[in-house]
Amino acid sequence: MASIKKRSDGKWRARYRDEAGKEHSRHFERKADGQRWLNEVTAATVTGQYVDPRAGDITVAAYAREWAASRPHNARTARRVASAIKNHVADTKLGARPIKKVSPSEAQAWATGRAKVLAPSTCAYTVYLVRSIFTAAVLDLKIPSNRNPFAKTSMPKSDHARIVPLTVDQVRTLAAHMPNYCRAMVIVQAGLGLRVGELLALRVHDVDFLRRAARVETQIPPNEREREDPKTPLSKRSLPLPAFVADALAAHIAEFPPLEDGSLFYNSGKRLWTTSHYGKVFIAAAGKAGMPKGTTSHDLRHHYASVLLHAGESVVAVAERLGHKNASLVLKVYGHLMPDSEERTRKALDSAWRAPADQVRTSGSSNAV
């Protein structure tokens, strides 16, 4: 909605309201100049080039922080977003650039630079995050809708190495090289498939020895010592408790009684582990045990998944045990570990075609498809 009127001082006041209902106005000596300005605004709106005049030169980093503060993130996600903005936006050249002046080539250069210093999954998350920020900037009229510099940013291709899971013997060897108050932690994570934060948060009342089950109710977030809800709603789950895990836990509890709050695992100072502290202890033990280079506690989750798949457990069940939303991630990460899938395919088809004709004939006699 736009209009132009003459003021008492003889000047012309041109005004309009944007899509958000904000009023913008300017004053001109001549009516024709005011009308030309309104025409330009209308053309910019129609062609997707309109930007809120009051947007100013807000930087990418400043807008990113505003965007993050407005999002309904839980505490864990908020920390991850804040960290990504600080380390990969604010601390780069992109962060200091006025958001409305960022070009597609700058966006691509930033993404390419991140790919050189970040793991593929972390890089993909960071680029997705910044793309979301710029999409919000379009909606907030900070940049033109037809000039989002991240609209066609491409990611360098990365070949993900296939996971080679640890064997049972390797897990046993690794546990033997851990400090005595950590050995059960290796067995528990390998036998329950827990995330490291879920492992560190495990309490004695989360384990039902009678019913042979364990509950995941909380987690210790990265570099914290306070429990919070797990990663996703599906991460809260009940897990079958194998006998070897129950035995390891029973022996651990006998030697290292739980803390007053029921915590099963704690360091030599009787404080809950942080993920970083436990990670250092784990990696040191893995090195002494001769584990493959780069082995971390997450490899025990891979071990758990591989054992279940090799035993013929369905990918849906494995996804539920791991606390994933769906089975697609299990297939993507562990599909190559499914036993003899090619041979099973051959046997299934050969069996069908060797059967009597009336058993393989489809219902109905029509050949129409």
Side-chain angles (χ1 to χ4, degrees), residues 18-22 48 50-156 195-197 218-235 274-276 323 325 329:
D18 60 27
E19 293 180 357
K22 295 180 181 178
Y50 179 78
V51 174
D52 186 343
R54 291 178 288 193
D57 286 333
I58 185 170
T59 64
V60 174
Y63 181 78
R65 294 189 186 98
E66 290 182 5
W67 173 85
S70 70
R71 303 300 295 169
H73 293 145
N74 60 34
R76 182 180 184 279
T77 302
R79 285 194 296 270
R80 186 181 186 190
V81 169
S83 176
I85 290 174
K86 177 183 182 300
N87 296 321
H88 305 302
V89 177
D91 289 349
T92 66
K93 291 181 179 179
L94 179 69
R97 292 281 290 150
I99 195 167
K100 66 182 180 182
K101 295 182 179 179
V102 177
S103 67
S105 60
E106 287 179 289
Q108 184 60 65
W110 173 85
T112 302
R114 293 300 90 192
K116 294 178 179 178
V117 297
L118 297 175
S121 60
T122 304
C123 184
Y125 167 79
T126 305
V127 173
Y128 172 80
L129 174 69
V130 174
R131 183 179 288 126
S132 298
I133 291 170
F134 273 79
T135 298
V138 170
L139 297 177
D140 283 343
L141 304 178
K142 304 296 185 184
I143 58 177
S145 61
N146 66 345
R147 289 178 56 194
N148 184 343
F150 278 85
K152 295 184 179 181
T153 301
S154 59
M155 293 289 298
R195 300 178 177 93
V196 65
T218 57
Q219 69 167 356
I220 301 293
N223 302 318
E224 300 285 341
R225 282 194 171 91
E226 298 295 328
R227 290 178 174 85
E228 64 176 31
D229 286 339
K231 184 177 180 180
T232 67
L234 288 178
S235 295
T274 61
T275 55
S276 59
K325 291 181 179 179
L329 182 59

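- Contact annotation: the side chain of Thr92 approaches that of Arg114 to within less than 4.5 Å [non-hydrogen atoms, C-beta and beyond].
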**Request:** Could you walk me through whether Thr77 and Arg71 pass the side-chain contact (heavy atoms from CB on, under 4.5 Å) test, one step at a time?
**Result:** CA-CA 10 Å; Thr77 302; Arg71 303 300 295 169; over 6 Å; no

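- Between Ile85 and Ala64 the shortest heavy-atom distance is CD1-O, 3.5 Å.
- In this structure, Arg97 and Lys101 have side chains that are in contact, with non-hydrogen atoms separated by less than 4.5 Å.
- The two atoms that bring Ala84 and Leu129 nearest to each other are CB-CD2, 3.6 Å, heavy atoms only.
- With salt bridges taken as basic N to acidic carboxylate O contacts below 4.0 Å, one links Arg79 and Glu228.
- In this structure, Ile133 CD1 and Ile99 CD1 are separated by 8.0 Å, a value rounded to the nearest 0.5 Å.
- Under the 30°/60° scheme for interplanar angles, the aromatic rings of Phe150 and Trp110 are found to stand perpendicular.
- Looking at Thr135 and Ser132, their side chains never bring a donor and an acceptor atom within 3.5 Å of each other.
- In this structure, Gly323 and Ser235 approach most closely via the heavy-atom pair O-OG, 3.7 Å.
- When side chains are defined from C-beta on, Ile220 counts as touching Arg227, because their heavy atoms get closer than 4.5 Å.
- For the pair Tyr63 (side chain) and Ala137 (backbone), a donor-acceptor distance under 3.5 Å is present.
- Of the inter-residue distances, the one linking Leu94 atom CG with His88 atom NE2 reads 12.5 Å to the nearest 0.5 angstrom.
- Between Cys123 and Met155, the closest heavy-atom pair is SG-CE, 3.2 Å.
- From Ile143, atom CD1 reaches atom CD1 of Ile58 across 12.0 Å, with rounding to the nearest 0.5 Å.
- Val81 places a side-chain heavy atom less than 4.5 Å from the side chain of Trp67.
- Residues Ala111 and Ser154 approach most closely at CB-O, 4.5 Å, considering heavy atoms.
- One finds the NZ atom of Lys86 at 9.5 Å from the CZ atom of Arg65 (value rounded to the nearest 0.5 Å).
- The two residues Thr275 and Pro222 make their nearest non-hydrogen contact at OG1-CA, 3.3 Å.
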